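Model, not experiment: these values are computed from the prediction. Counting starts at 1 for both ligands and their atoms, in listed order. All values below come from the heavy atoms of this structure, side chains included, with hydrogens, waters and symmetry mates left out.
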Amino acid sequence: MIIMVPAVLILWGASAILQADLLPDEKFVLLPPVNFTIKVTGLAQVLLRWELNPDQKPRSVNPEYHVKINAPQEDDYETRNTESKCVTILHEGFSASVQTILLKDNSLLASSWVSAELKAPPDHLGAPGTSIVNLTCTTNTAADNYVHLRSYQVSLRCTWRVGKDAPEDTQYFLYYRYGSSTEECQEYSKDTLKRNIACWFPRTSIPGKGRDWLAVHVNGSSKLTAIKPFDQLFALHAIDQVNPPLNVTAEIEGTRLTIQWEKPVSAFPMHCFDYEVKIYNIRRGYFQTEKTTINEFVSVIDDISKYCIQVRAAVSSVCRASGLWSQWSRPLYVGNDEQKPLTGWFLIVLMAAVCFLLLMASLLCRICHLWTKLFPPVPAPKNNIKDLFVNTYYEKAGSSETEIEVVSYVEEPVFETLEDSVF
Ligand SMILES: *[C@@H]1O[C@H](CO)[C@@H](O)[C@H](O)[C@H]1NC(C)=O
Ligand SMILES: *[C@@H]1O[C@H](CO)[C@@H](O)[C@H](O)[C@H]1NC(C)=O
Ligand SMILES: *[C@@H]1O[C@H](CO)[C@@H](O)[C@H](O)[C@H]1NC(C)=O
Ligand SMILES: *[C@@H]1O[C@H](CO)[C@@H](O)[C@H](O)[C@H]1NC(C)=O
């Protein structure tokens, strides 16, 4: 049985190629669908529709359809329905093909293709360089306290830059579509020429856990020229600005640093978040960043220091395609910066310095004193100056003997005291 499977697969593959390309002369022929139409049903959204060929025999066949999108972006999928919604940018038009397929007797039969095309709509024409550029949008979730039940409200903010060739009187208008609802912006921000350059929707129809594409359309008007509209699709997970975690607390007990927080304001439940904890050791000046999926992180610290703690969140891939990290929570400080040991050392050093200075001062005093005693204005050995000194000297009557006596007396004991105090 197990060995049979690849054989069947090969057979199926081979006959599929045979059926599609060579159409072997069999009584059963699969006919292409009829009345294939493409209709614009909203911003950046089209509906493809077709019918089973009325000449298909026998009528009891229940075929599938293979849809191929040719433009603007190639895509291809299979469906049992006779209609299909497609979300895509329609600037450059849209074209698609469809064929009937049927798995019969382990072989895949396929009809020929039918195609349809949507020309670029006339309002998508406009002067080049007049459409907006660099459109960015972000969503954010807020708790809605209006209702008793816990509910969430998603806001949307978009910004853009004016086209480089847009006339000064250009005015832009922004619309978004999510699901079946389309809304026009009511709160614009303007540049110095009063042209709209950003938009804010405090409330939108986007659900807090939305997964569909967000379509944004910005068109414009000017008296001087036609303004080229601009469409862009956004994946919600990629533009959702998650809120930071709430109520971050940190506590040090011995060598355990315990950090706890609550999940951010979000429609996603608790198990849907990844967290990143940043611990900054202020004394050593280094960061430690850790990842976790629970609402607590315990770190063993061997360092008495002050720490700065921040936590951020992201919706994990368990619940949605991975997106952006939130902002960091506000910094939280714990621990102390080793005040006591520092002051202790400082005092010791200070006292040592003071002792040393005192010692030096006393030493200097003694040396100064000794200096004056050792070199009294006595025997200057040079001619003119010597005479001068001698003259002055002799004016101080009888002091020379006493001076000399003092010197000889002082000499010995000074060196003794010096030796005592230094060593
Ligand atoms: C296809 O369209 C034509 C004309 O619009 C209509 O008469 C016919 O009934 C449609 N065929 C099917 C199978 O719906
Ligand atoms: C706007 O987008 C263009 C191309 O996409 C890029 O080169 C340019 O740096 C962007 N300008 C700003 C201000 O982001
Ligand atoms: C802009 O687009 C909206 C929605 O498609 C449309 O209703 C409106 O008439 C357009 N405005 C201009 C000036 O093209
Ligand atoms: C955060 O803490 C405050 C005070 O402790 C509390 O009132 C509040 O409910 C907490 N927030 C959440 C989301 O639990």
Q. With a 4.0 Å heavy-atom cut-off (strictly under), which part of E184 contacts ligand 3: side chain, backbone, both or neither?
A.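 For E184, there is no contact with ligand 3 at all, from either part.
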Q: Applying disulfide bond (SG atoms under 2.5 Å apart), name anything that partners C137, two or more places apart in sequence or on another chain.
A: C158
(Q) Which residue in the set T82, L48, V67 passes side-chain contact (heavy atoms from CB on, under 4.5 Å) when paired with F36? (A) L48
**Q.** Atoms in ligand 3 flagged as close to G220, the criterion being non-hydrogen separation under 4.0 Å
**A.** 13 (C)
Q | Numbered atoms of ligand 3 (with element) below 4.0 Å of N219, judged on heavy atoms | A | 1 (C), 2 (O), 3 (C), 8 (C), 10 (C), 11 (N), 12 (C), 14 (O)
Q) Between K119 and E117, does at least one N-O distance fall below 4.0 Å, as a salt bridge requires? A)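 Yes, K119 and E117 are salt-bridged.
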(Q) For residues 232-300, which residue pairs pass the disulfide bond (SG atoms under 2.5 Å apart) check, not counting sequence neighbours? (A) C272-C319
